[in-house]
2 protein chains.
Amino acid sequence: MTETTPQASDRSIDTQASGFEAVRQAHQSEMVEDYVELIAELIHQNGAARPVEIAERLGVTQPTVSKNLARLKREGFIEQIPYRSLQLTDAGRQLAEACRMRHRIVVEFLIALGVSPEVAEHDAEGIEHHVSEETLAVFKGFVRRTDETK
Amino acid sequence: MTETTPQASDRSIDTQASGFEAVRQAHQSEMVEDYVELIAELIHQNGAARPVEIAERLGVTQPTVSKNLARLKREGFIEQIPYRSLQLTDAGRQLAEACRMRHRIVVEFLIALGVSPEVAEHDAEGIEHHVSEETLAVFKGFVRRTDETK
DNA sequence: TCGATAAATTAGACAAGGCTAACTTTAATA
DNA sequence: TATTAAAGTTAGCCTTGTCTAATTTATCGA
Ligand SMILES: [Mn+2]
Ligand SMILES: [Mn+2]
Ligand SMILES: [Mn+2]
Ligand SMILES: [Mn+2]
(Lines give C-alpha, C1' and ligand atoms only; values in the text may rest on other atoms or scores of the structure.)
(Ligands and ions follow the chains in the order given, each with its own letter.)
Protein backbone atom coordinates (compact mmCIF):
# COMPACT_ATOMS: atom_id res chain seq x y z
CA MET A 1 0.00 0.00 0.00
CA THR A 2 2.96 2.28 -0.54
CA GLU A 3 1.96 2.88 -4.15
CA THR A 4 1.10 6.36 -5.25
CA THR A 5 -2.64 6.55 -5.43
CA PRO A 6 -3.60 6.88 -9.09
CA GLN A 7 -6.36 9.44 -9.32
CA ALA A 8 -8.25 11.38 -11.93
CA SER A 9 -5.43 13.91 -12.20
CA ASP A 10 -2.88 11.20 -12.98
CA ARG A 11 -3.29 11.41 -16.71
CA SER A 12 -3.28 15.15 -16.75
CA ILE A 13 0.15 15.29 -15.14
CA ASP A 14 1.60 13.47 -18.13
CA THR A 15 -0.46 15.63 -20.45
CA GLN A 16 0.87 18.75 -18.79
CA ALA A 17 4.43 17.46 -18.98
CA SER A 18 4.01 16.64 -22.64
CA GLY A 19 2.93 20.21 -23.29
CA PHE A 20 6.11 21.56 -21.77
CA GLU A 21 8.08 18.91 -23.60
CA ALA A 22 6.59 20.07 -26.88
CA VAL A 23 7.58 23.64 -26.14
CA ARG A 24 11.18 22.57 -25.56
CA GLN A 25 11.08 20.60 -28.81
CA ALA A 26 9.75 23.58 -30.73
CA HIS A 27 12.52 25.76 -29.43
CA GLN A 28 15.08 23.31 -30.74
CA SER A 29 13.84 23.61 -34.32
CA GLU A 30 13.12 27.31 -34.15
CA MET A 31 16.48 28.66 -35.24
CA VAL A 32 16.69 26.39 -38.27
CA GLU A 33 13.14 27.22 -39.30
CA ASP A 34 13.62 30.97 -39.04
CA TYR A 35 16.88 30.83 -40.99
CA VAL A 36 15.65 28.76 -43.93
CA GLU A 37 12.49 30.84 -44.12
CA LEU A 38 14.52 34.03 -44.15
CA ILE A 39 17.01 32.68 -46.69
CA ALA A 40 14.16 31.78 -49.04
CA GLU A 41 12.67 35.22 -48.55
CA LEU A 42 15.96 36.94 -49.30
CA ILE A 43 16.52 34.87 -52.41
CA HIS A 44 13.02 35.71 -53.55
CA GLN A 45 13.34 39.42 -52.79
CA ASN A 46 16.96 40.03 -53.74
CA GLY A 47 17.94 37.06 -55.83
CA ALA A 48 20.58 36.31 -53.22
CA ALA A 49 20.89 35.51 -49.51
CA ARG A 50 24.05 36.68 -47.85
CA PRO A 51 25.01 36.08 -44.22
CA VAL A 52 25.49 39.76 -43.52
CA GLU A 53 21.90 40.43 -44.46
CA ILE A 54 20.61 37.57 -42.36
CA ALA A 55 22.41 39.12 -39.41
CA GLU A 56 20.78 42.45 -40.12
CA ARG A 57 17.27 41.05 -40.46
CA LEU A 58 17.56 38.96 -37.32
CA GLY A 59 19.28 41.65 -35.28
CA VAL A 60 22.25 39.50 -34.36
CA THR A 61 25.96 39.71 -35.18
CA GLN A 62 27.69 38.11 -38.14
CA PRO A 63 29.59 35.54 -36.07
CA THR A 64 26.31 34.31 -34.64
CA VAL A 65 24.99 33.79 -38.14
CA SER A 66 28.21 32.09 -39.19
CA LYS A 67 27.94 29.62 -36.36
CA ASN A 68 24.27 28.91 -36.94
CA LEU A 69 24.75 28.44 -40.66
CA ALA A 70 27.23 25.69 -39.81
CA ARG A 71 24.35 23.84 -38.20
CA LEU A 72 22.09 24.35 -41.20
CA LYS A 73 24.87 23.03 -43.39
CA ARG A 74 25.54 20.09 -41.09
CA GLU A 75 21.85 19.19 -41.09
CA GLY A 76 21.66 19.41 -44.87
CA PHE A 77 19.45 22.47 -45.37
CA ILE A 78 21.90 24.75 -47.16
CA GLU A 79 24.99 24.76 -49.32
CA GLN A 80 27.46 27.51 -49.01
CA ILE A 81 30.33 28.72 -51.16
CA PRO A 82 32.02 31.56 -49.30
CA TYR A 83 31.23 35.00 -50.71
CA ARG A 84 28.48 33.61 -52.91
CA SER A 85 24.79 33.58 -52.10
CA LEU A 86 23.62 30.81 -49.80
CA GLN A 87 21.72 28.04 -51.56
CA LEU A 88 18.94 25.95 -50.12
CA THR A 89 19.04 22.21 -50.67
CA ASP A 90 15.86 20.39 -51.63
CA ALA A 91 15.24 19.67 -47.97
CA GLY A 92 15.94 23.31 -47.19
CA ARG A 93 13.54 24.56 -49.83
CA GLN A 94 10.89 22.18 -48.62
CA LEU A 95 11.25 23.24 -45.00
CA ALA A 96 11.35 26.90 -45.97
CA GLU A 97 8.15 26.58 -47.93
CA ALA A 98 6.37 24.88 -45.04
CA CYS A 99 7.56 27.59 -42.66
CA ARG A 100 6.60 30.36 -45.05
CA MET A 101 3.08 29.00 -45.35
CA ARG A 102 2.68 28.51 -41.63
CA HIS A 103 4.00 32.01 -40.98
CA ARG A 104 1.64 33.49 -43.55
CA ILE A 105 -1.34 31.67 -42.10
CA VAL A 106 -0.59 32.84 -38.58
CA VAL A 107 -0.16 36.45 -39.69
CA GLU A 108 -3.29 36.43 -41.81
CA PHE A 109 -5.21 34.78 -39.02
CA LEU A 110 -4.23 37.45 -36.51
CA ILE A 111 -5.11 40.20 -38.96
CA ALA A 112 -8.46 38.58 -39.77
CA LEU A 113 -9.09 38.48 -36.06
CA GLY A 114 -8.55 42.21 -35.71
CA VAL A 115 -4.92 42.54 -34.69
CA SER A 116 -3.02 45.35 -36.40
CA PRO A 117 -0.73 44.19 -39.22
CA GLU A 118 2.49 45.31 -37.48
CA VAL A 119 1.65 43.55 -34.23
CA ALA A 120 0.37 40.51 -36.13
CA GLU A 121 3.72 40.19 -37.87
CA HIS A 122 5.52 40.80 -34.57
CA ASP A 123 3.63 38.19 -32.56
CA ALA A 124 3.56 35.63 -35.36
CA GLU A 125 7.34 35.33 -35.30
CA GLY A 126 7.10 33.55 -31.96
CA ILE A 127 3.65 32.00 -32.14
CA GLU A 128 4.30 30.17 -35.42
CA HIS A 129 6.60 27.68 -33.70
CA HIS A 130 3.99 26.61 -31.18
CA VAL A 131 1.02 25.99 -33.43
CA SER A 132 0.03 22.35 -33.91
CA GLU A 133 -1.39 21.01 -37.15
CA GLU A 134 -4.85 21.01 -35.64
CA THR A 135 -4.65 24.62 -34.52
CA LEU A 136 -3.13 25.70 -37.82
CA ALA A 137 -6.03 24.10 -39.65
CA VAL A 138 -8.47 25.99 -37.45
CA PHE A 139 -6.60 29.24 -38.15
CA LYS A 140 -6.75 28.53 -41.86
CA GLY A 141 -10.47 27.87 -41.72
CA PHE A 142 -11.06 31.10 -39.86
CA VAL A 143 -9.14 33.09 -42.45
CA ARG A 144 -11.03 31.46 -45.28
CA ARG A 145 -14.37 32.16 -43.67
CA THR A 146 -13.43 35.75 -42.98
CA ASP A 147 -12.30 36.26 -46.56
CA GLU A 148 -15.56 34.85 -47.89
CA THR A 149 -17.73 37.07 -45.72
CA LYS A 150 -15.80 40.10 -46.85
CA MET B 1 27.54 58.45 -52.67
CA THR B 2 28.73 55.45 -50.75
CA GLU B 3 25.75 55.63 -48.43
CA THR B 4 23.33 52.77 -48.39
CA THR B 5 20.30 53.83 -50.34
CA PRO B 6 17.39 54.14 -47.88
CA GLN B 7 14.35 52.65 -49.53
CA ALA B 8 10.84 51.70 -48.65
CA SER B 9 11.97 48.42 -47.10
CA ASP B 10 14.39 50.21 -44.78
CA ARG B 11 11.93 50.53 -41.94
CA SER B 12 10.70 47.01 -42.29
CA ILE B 13 14.18 45.60 -41.74
CA ASP B 14 14.24 47.13 -38.27
CA THR B 15 10.69 46.02 -37.73
CA GLN B 16 11.57 42.48 -38.68
CA ALA B 17 14.62 42.53 -36.43
CA SER B 18 12.55 43.83 -33.54
CA GLY B 19 10.17 40.90 -33.99
CA PHE B 20 12.99 38.42 -33.62
CA GLU B 21 14.40 40.43 -30.75
CA ALA B 22 11.04 40.19 -28.97
CA VAL B 23 11.02 36.43 -29.40
CA ARG B 24 14.46 36.17 -27.79
CA GLN B 25 13.23 38.39 -24.96
CA ALA B 26 10.16 36.26 -24.42
CA HIS B 27 12.26 33.14 -24.16
CA GLN B 28 14.30 34.73 -21.42
CA SER B 29 11.27 35.23 -19.17
CA GLU B 30 9.59 32.00 -20.11
CA MET B 31 11.11 29.73 -17.48
CA VAL B 32 10.33 32.11 -14.64
CA GLU B 33 6.78 32.60 -15.82
CA ASP B 34 6.05 28.90 -16.16
CA TYR B 35 7.50 28.17 -12.74
CA VAL B 36 5.63 30.82 -10.77
CA GLU B 37 2.42 29.94 -12.56
CA LEU B 38 2.90 26.28 -11.75
CA ILE B 39 3.84 26.98 -8.14
CA ALA B 40 0.67 29.01 -7.68
CA GLU B 41 -1.34 26.21 -9.29
CA LEU B 42 0.20 23.59 -7.01
CA ILE B 43 -0.41 25.68 -3.92
CA HIS B 44 -3.99 26.16 -4.99
CA GLN B 45 -4.56 22.49 -5.82
CA ASN B 46 -2.51 20.82 -3.10
CA GLY B 47 -1.93 23.49 -0.53
CA ALA B 48 1.79 23.07 -1.15
CA ALA B 49 4.33 23.34 -3.96
CA ARG B 50 7.30 21.04 -3.71
CA PRO B 51 10.23 20.90 -6.12
CA VAL B 52 9.77 17.20 -6.80
CA GLU B 53 6.28 17.87 -8.09
CA ILE B 54 7.39 20.75 -10.24
CA ALA B 55 9.88 18.40 -11.86
CA GLU B 56 7.14 15.89 -12.50
CA ARG B 57 4.73 18.40 -13.99
CA LEU B 58 7.37 19.93 -16.24
CA GLY B 59 8.90 16.63 -17.26
CA VAL B 60 12.41 17.57 -16.15
CA THR B 61 14.73 16.24 -13.47
CA GLN B 62 14.95 17.46 -9.90
CA PRO B 63 18.39 19.05 -10.29
CA THR B 64 17.07 21.14 -13.16
CA VAL B 65 14.31 22.42 -10.93
CA SER B 66 16.74 23.03 -8.10
CA LYS B 67 18.94 25.18 -10.29
CA ASN B 68 16.06 27.11 -11.80
CA LEU B 69 14.51 27.76 -8.40
CA ALA B 70 17.77 29.44 -7.47
CA ARG B 71 17.08 31.98 -10.20
CA LEU B 72 13.52 32.55 -9.01
CA LYS B 73 14.88 33.11 -5.52
CA ARG B 74 17.63 35.42 -6.75
CA GLU B 75 15.09 37.47 -8.70
CA GLY B 76 12.79 37.71 -5.72
CA PHE B 77 9.83 35.63 -6.83
CA ILE B 78 9.96 32.87 -4.25
CA GLU B 79 11.12 32.05 -0.75
CA GLN B 80 12.27 28.62 0.07
CA ILE B 81 12.90 26.75 3.28
CA PRO B 82 14.27 23.32 2.36
CA TYR B 83 11.74 20.53 2.78
CA ARG B 84 8.89 22.98 3.19
CA SER B 85 6.52 24.13 0.52
CA LEU B 86 7.81 26.88 -1.74
CA GLN B 87 6.31 30.28 -1.04
CA LEU B 88 5.66 33.02 -3.54
CA THR B 89 6.67 36.54 -2.63
CA ASP B 90 4.31 39.42 -3.40
CA ALA B 91 6.09 39.91 -6.70
CA GLY B 92 5.85 36.19 -7.34
CA ARG B 93 2.15 36.07 -6.61
CA GLN B 94 1.58 39.05 -8.83
CA LEU B 95 3.51 37.56 -11.73
CA ALA B 96 1.84 34.20 -11.24
CA GLU B 97 -1.59 35.76 -11.36
CA ALA B 98 -0.79 37.65 -14.56
CA CYS B 99 0.53 34.45 -16.14
CA ARG B 100 -2.45 32.44 -14.99
CA MET B 101 -4.84 34.92 -16.54
CA ARG B 102 -2.93 35.11 -19.79
CA HIS B 103 -2.72 31.33 -19.96
CA ARG B 104 -6.43 31.00 -19.31
CA ILE B 105 -7.31 33.54 -21.97
CA VAL B 106 -5.17 31.82 -24.58
CA VAL B 107 -6.66 28.42 -23.80
CA GLU B 108 -10.21 29.69 -23.77
CA PHE B 109 -9.60 31.58 -26.96
CA LEU B 110 -8.34 28.50 -28.78
CA ILE B 111 -11.28 26.46 -27.52
CA ALA B 112 -13.76 29.18 -28.54
CA LEU B 113 -12.14 29.09 -31.95
CA GLY B 114 -12.77 25.39 -32.31
CA VAL B 115 -9.54 23.76 -31.18
CA SER B 116 -9.98 20.67 -29.02
CA PRO B 117 -9.39 21.28 -25.29
CA GLU B 118 -6.35 18.99 -25.10
CA VAL B 119 -4.61 20.59 -28.06
CA ALA B 120 -5.63 24.05 -26.88
CA GLU B 121 -3.91 23.41 -23.56
CA HIS B 122 -0.93 21.92 -25.35
CA ASP B 123 -0.38 24.78 -27.79
CA ALA B 124 -1.15 27.48 -25.24
CA GLU B 125 1.88 26.51 -23.19
CA GLY B 126 4.14 27.91 -25.89
CA ILE B 127 1.91 30.52 -27.48
CA GLU B 128 1.22 32.37 -24.23
CA HIS B 129 4.74 33.75 -24.12
CA HIS B 130 4.49 35.36 -27.53
CA VAL B 131 1.18 37.16 -27.24
CA SER B 132 1.37 40.95 -27.00
CA GLU B 133 -1.06 43.02 -24.98
CA GLU B 134 -2.87 44.02 -28.13
CA THR B 135 -3.29 40.45 -29.31
CA LEU B 136 -4.32 39.29 -25.86
CA ALA B 137 -7.02 41.94 -25.79
CA VAL B 138 -8.30 40.76 -29.15
CA PHE B 139 -8.35 37.16 -27.87
CA LYS B 140 -10.26 38.25 -24.82
CA GLY B 141 -12.80 40.09 -26.92
CA PHE B 142 -13.31 37.06 -29.10
CA VAL B 143 -13.94 34.82 -26.11
CA ARG B 144 -16.40 37.28 -24.64
CA ARG B 145 -18.30 37.59 -27.90
CA THR B 146 -18.38 33.82 -28.31
CA ASP B 147 -19.67 33.32 -24.78
CA GLU B 148 -22.44 35.86 -25.33
CA THR B 149 -23.63 34.28 -28.55
CA LYS B 150 -23.77 30.91 -26.89
C1' DT C 1 13.52 7.47 18.64
C1' DC C 2 15.77 5.82 15.03
C1' DG C 3 16.59 4.27 10.51
C1' DA C 4 14.84 3.68 5.83
C1' DT C 5 13.12 6.31 2.14
C1' DA C 6 12.19 10.11 -0.35
C1' DA C 7 13.47 14.82 -1.26
C1' DA C 8 16.78 18.04 -2.22
C1' DT C 9 21.28 19.75 -3.32
C1' DT C 10 25.86 19.76 -5.26
C1' DA C 11 29.24 18.91 -8.68
C1' DG C 12 30.29 18.64 -13.14
C1' DA C 13 29.24 17.98 -18.06
C1' DC C 14 27.05 19.45 -22.37
C1' DA C 15 24.59 21.91 -26.21
C1' DA C 16 22.67 26.05 -27.98
C1' DG C 17 22.79 30.57 -29.09
C1' DG C 18 24.35 34.88 -28.01
C1' DC C 19 28.67 38.22 -27.82
C1' DT C 20 33.58 40.74 -28.87
C1' DA C 21 38.05 40.88 -30.82
C1' DA C 22 41.06 39.63 -34.20
C1' DC C 23 42.05 37.68 -38.50
C1' DT C 24 41.45 36.33 -43.50
C1' DT C 25 39.57 36.80 -47.93
C1' DT C 26 37.12 38.74 -51.58
C1' DA C 27 35.62 42.36 -54.54
C1' DA C 28 35.32 47.07 -56.00
C1' DT C 29 37.56 51.07 -57.43
C1' DA C 30 40.89 54.64 -57.95
C1' DT D 1 46.55 46.43 -60.87
C1' DA D 2 47.16 47.63 -56.13
C1' DT D 3 44.53 49.27 -52.16
C1' DT D 4 41.10 49.27 -49.28
C1' DA D 5 36.53 48.44 -47.50
C1' DA D 6 33.24 45.02 -46.73
C1' DA D 7 32.20 40.31 -45.85
C1' DG D 8 33.10 36.30 -43.61
C1' DT D 9 35.41 33.18 -40.32
C1' DT D 10 37.77 31.80 -36.13
C1' DA D 11 38.75 31.79 -31.37
C1' DG D 12 37.18 32.22 -27.13
C1' DC D 13 33.96 33.76 -23.69
C1' DC D 14 29.23 33.85 -21.38
C1' DT D 15 24.50 32.45 -20.00
C1' DT D 16 20.73 29.36 -19.92
C1' DG D 17 18.67 25.18 -19.35
C1' DT D 18 19.17 20.52 -19.55
C1' DC D 19 21.34 16.02 -17.86
C1' DT D 20 23.72 12.09 -14.57
C1' DA D 21 25.99 10.69 -10.54
C1' DA D 22 26.90 11.29 -5.96
C1' DT D 23 25.85 13.24 -1.61
C1' DT D 24 23.25 15.31 2.13
C1' DT D 25 19.18 15.97 4.76
C1' DA D 26 14.65 15.70 6.55
C1' DT D 27 10.56 13.05 7.54
C1' DC D 28 7.79 9.44 8.94
C1' DG D 29 6.41 5.06 10.33
C1' DA D 30 7.83 0.97 12.94
MN1 LIG E 1 9.87 32.59 -35.97
MN1 LIG F 1 8.73 33.24 -39.37
MN1 LIG G 1 4.30 28.32 -20.93
MN1 LIG H 1 8.69 30.15 -27.93
F139(B): ring-ring contact (aromatic ring centres under 6.0 Å, His included) partners, not counting sequence neighbours: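 For F139(B), the residues satisfying ring-ring contact (aromatic ring centres under 6.0 Å, His included) (neighbours in sequence not counted) are F109(B).
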Rounded to the nearest angstrom, tell me the gap between atom [atom1] in [X] and atom [atom2] in [N].
{"X": "K73(B)", "N": "dT10(C)", "atom1": "NZ", "atom2": "C1'", "result": "13 Å"}
{"X": "H129(B)", "N": "dG17(D)", "atom1": "NE2", "atom2": "P", "result": "12 Å"}
{"X": "R24(A)", "N": "dT16(D)", "atom1": "CZ", "atom2": "P", "result": "18 Å"}
{"X": "Q25(A)", "N": "dG17(D)", "atom1": "CD", "atom2": "P", "result": "17 Å"}
{"X": "I81(B)", "N": "dA8(C)", "atom1": "CD1", "atom2": "P", "result": "13 Å"}
{"X": "I54(A)", "N": "dA7(D)", "atom1": "CD1", "atom2": "P", "result": "13 Å"}
{"X": "L42(A)", "N": "dA7(D)", "atom1": "CG", "atom2": "P", "result": "14 Å"}
{"X": "Y35(B)", "N": "dT16(D)", "atom1": "OH", "atom2": "C1'", "result": "12 Å"}

Residue-phosphate contact under 4.0 Å: Q80(B) side-chain N/O, dT9(C) OP1/OP2: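 Looking at the OP1 and OP2 atoms of dT9(C), one of them is under 4.0 Å from a side-chain N or O of Q80(B).
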Distance test, side-chain N/O of R50(A) to OP1/OP2 of dA6(D), below 4.0 Å: no
Aromatic ring pairing H130(A)/H130(B), orientation class (parallel under 30°, perpendicular over 60°, tilted between):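 Parallel: the ring planes of H130(A) and H130(B) meet at under 30°.
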Upstream residue (5' side of DNA chain C) when T61(A) and Q62(B) are each assigned their closest nucleotide: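 Counting from the 5' end, the first nearest nucleotide belongs to Q62(B).
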Please report the shortest heavy-atom distance between [X] and [Y], naming the atom on each side.
{"X": "Q16(B)", "Y": "L38(A)", "value": "NE2-CD1, 3.8 Å"}
{"X": "V36(B)", "Y": "G92(B)", "value": "CB-O, 4.2 Å"}
{"X": "L113(B)", "Y": "V138(A)", "value": "O-CG1, 3.5 Å"}

Tell me which nucleotide among [options] gets nearest to the side chain of [X].
{"X": "T64(A)", "options": "dG8(D), dG18(C), dT9(C)", "result": "dG18(C)"}
{"X": "S66(A)", "options": "dC19(D), dG8(D), dT9(D)", "result": "dT9(D)"}
{"X": "P63(B)", "options": "dT9(C), dT18(D), dG18(C)", "result": "dT9(C)"}

Salt bridge (Lys or Arg N to Asp or Glu O under 4.0 Å) evaluation trace for R57(A) with E41(A): CA-CA 11 Å; R57(A) 300 282 194 116; E41(A) 187 183 323; 3.4 Å; yes
Nucleotides 25-30 of chain D: protein proximity per nucleotide (B base, S sugar-phosphate only, - neither; heavy atom, under 4.0 Å): BSS---
Exercise: do E118(A) and T15(B) side chains pair donor with acceptor under 3.5 Å: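 No donor-acceptor contact under 3.5 Å links the two side chains.
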Quiz item: K67(A) side-chain donor-acceptor pair to dT10(D) base, under 3.5 Å: no
